[in-house]
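Every chain is numbered from 1 and lettered A, B, ... according to where its sequence line falls, protein lines coming before strand lines.
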Amino acid sequence: MSSLIRVRPTKIELIRLKRRRELARKVYRILRERLTILVNEFMTRIRRAYHIRKEINRDILDVYNEAAYLLGLYGGSIYEYYDSTAVENSKVVIGFENIMGVKSYTAMMKKGKFINTYPELNEFRERSIMLISRIIELGRIEQSIKTLGVEINKTKRRVNALEYIFIPRLTSTIKYLQMKFEEREREEKARLKRVKSMLEKHRG
Amino acid sequence: MGVRDAYFEDLVTRVLTRELRIVNRHLPYKRVSLCDLEKMDIPYIVLRDGTAHLIDPRELEYLTNLLGKDKCKLLLPIIIEARQSLGEGTYIVRDRVAKRVIAEILGVEYEEEKPLIIYRPHLYKIREVLPTTTTIIFSPT
């Protein structure tokens, strides 16, 4: 791959290249800033997902034990009763979350309304709802981790392309053109000097 | 320069310009006050790219507790500006009520008349506390 861009060696082209380099630098700075923030978002979410997963693993056994306890205490009909005490069921709302221009699926739980029953059943309901909302949150975070990962990859490629290929190529082309113009100027000066000396010789 | 090269160069310039244009497409079409968001069944904000950005009700609750009676003055999402002229890793918050929220979260002092300047570690902390109610705008100047 050539390190120079093929351009006509004209002043207009030099101005155009300088403008393009300025634009590329602006884009590069913004993209690098965006990349840094995206990477941080990614890391924060990974940490958060890890903690939530740990909490879920801890809570799931407790909720399961509690469910088994209720089943043993009240019999199989307890879950039918549990279902019938819900005035309004809990809902899961699915939508989008935009993290610095990265569109990711998100979900959140809207807690329903329930009638108060036995204390054990109430406590079990609270804990199970909490567990489900945590699982939903984990799903949301893991989804955003995936989308952020893809976006980080894309942005990184762009930043690298600008940093290592596009801007250096523009810089070297600008330098080449400037050298070419300087050389032209020097040649012009030398030619003028020669013409002048020839004219002086001719006069003399 | 060949026709193909000229086309490629023009394409690259267009792509770069487009990149500058789309980098802020996650900004809201219109900012909504905290009170209005609280009234919604499912709080959301419409963004410039047309998507509805869901807001976590827990964050709204947190902001309500933080602001008290001033809560209706806060417009969401809180805009944090990344300005190139200030240097890398420096951000500005201009909104008066938002400045108060950010200063409370970070435990820093602020002046009413001047914009609040924060740095990258501060930004990370804010994003950790308010991931859906804050947004960052990239300014090329």
Enquirer: Can you tell which part of A:R21 gets under 4.5 Å to a heavy atom of chain B, answering side chain, backbone, both or neither?
Expert: neither
Enquirer: Please say whether more than 12 non-hydrogen atoms of neighbouring residues, nucleotides or ligands are located less than 6.0 Å from OH in B:Y110.
Expert: yes
Enquirer: For B:Y62, I'd like to know if atom OH has over 12 heavy atoms of other residues, nucleotides or ligands within 6.0 Å.
Expert: yes
Enquirer: Does A:M130 CE have over 12 foreign heavy atoms under 6.0 Å away?
Expert: no
Enquirer: Heavy-atom count around A:I12 CD1 within 6.0 Å, excluding the residue itself: above 12?
Expert: no
Enquirer: Which residue out of B:R127, B:R48, B:R25 racks up the most heavy-atom pairs below 4.5 Å with chain A?
Expert: B:R127
Enquirer: So that I can tick it off, tell me whether A:K110 and B:D41 are bridged by a salt bridge, with the cut-off set at under 4.0 angstrom between side-chain N and carboxylate O.
Expert: yes
Enquirer: Tell me which of these, A:L162, A:I99, A:V93, has more heavy-atom pairs under 4.5 Å with chain B than the rest.
Expert: A:V93
Enquirer: Tell me if the CZ atom of A:F181 is crowded by more than 12 foreign heavy atoms within 6.0 Å.
Expert: yes
Enquirer: Highest number of heavy-atom pairs under 4.5 Å with chain B: which of A:T106, A:L31, A:V27?
Expert: A:V27
Enquirer: May I ask you to name which of A:T44, A:V102, A:T36 has the most heavy-atom pairs under 4.5 Å with chain B?
Expert: A:T36
Enquirer: Is it the case that atom CE in B:M40 sees more than 12 heavy atoms from other parts of the structure closer than 6.0 Å?
Expert: yes
Enquirer: Does any heavy atom of chain A fall under 4.5 Å from the side chain of B:L54, the backbone, both, or neither of them?
Expert: both
Enquirer: Taking atom CD of A:E187 as the centre, does the number of heavy atoms from other residues, nucleotides or ligands within less than 6.0 Å exceed 12?
Expert: yes
Enquirer: Does atom CZ of A:R157 have more than 12 heavy-atom neighbours, drawn from other residues, nucleotides or ligands, at distances under 6.0 Å?
Expert: no
Enquirer: Nearest 0.5 Å please: distance from the CG atom of A:N40 over to the OH atom of B:Y124.
Expert: 4.5 Å
Enquirer: Which atoms of A:R19 come close to chain B, meaning under 4.5 Å heavy atom to heavy atom: side chain ones, backbone ones, both, or neither?
Expert: neither
Enquirer: Could you tell me if the side chain of A:N98 sits less than 4.5 Å from the side chain of B:D49, heavy atoms only?
Expert: yes
Enquirer: Does A:R48 come within less than 4.0 Å of B:E128, counting only side-chain N to carboxylate O?
Expert: no
Enquirer: For B:T135, is it the side chain, the backbone, both, or neither that has a heavy atom closer than 4.5 Å to a heavy atom of chain A?
Expert: neither
Enquirer: Sort out for me which residue in A:E33, A:R34, A:M100 forms a side-chain contact (heavy atoms from CB on, under 4.5 Å) with B:I136.
Expert: A:M100
Enquirer: Given heavy-atom pairs under 4.5 angstrom as the criterion, report whether the side chain, backbone, both or neither of B:R18 touches chain A.
Expert: neither
Enquirer: Does a side-chain N-to-carboxylate-O contact under 4.0 Å join A:R29 and B:E88?
Expert: no
Enquirer: Side chain, backbone, both or neither: which part of B:I55 has an atom under 4.5 Å from a heavy atom of chain A?
Expert: backbone
Enquirer: For A:E97, does its backbone N or O pair with a side-chain atom of B:H53 as donor and acceptor, under 3.5 Å?
Expert: no
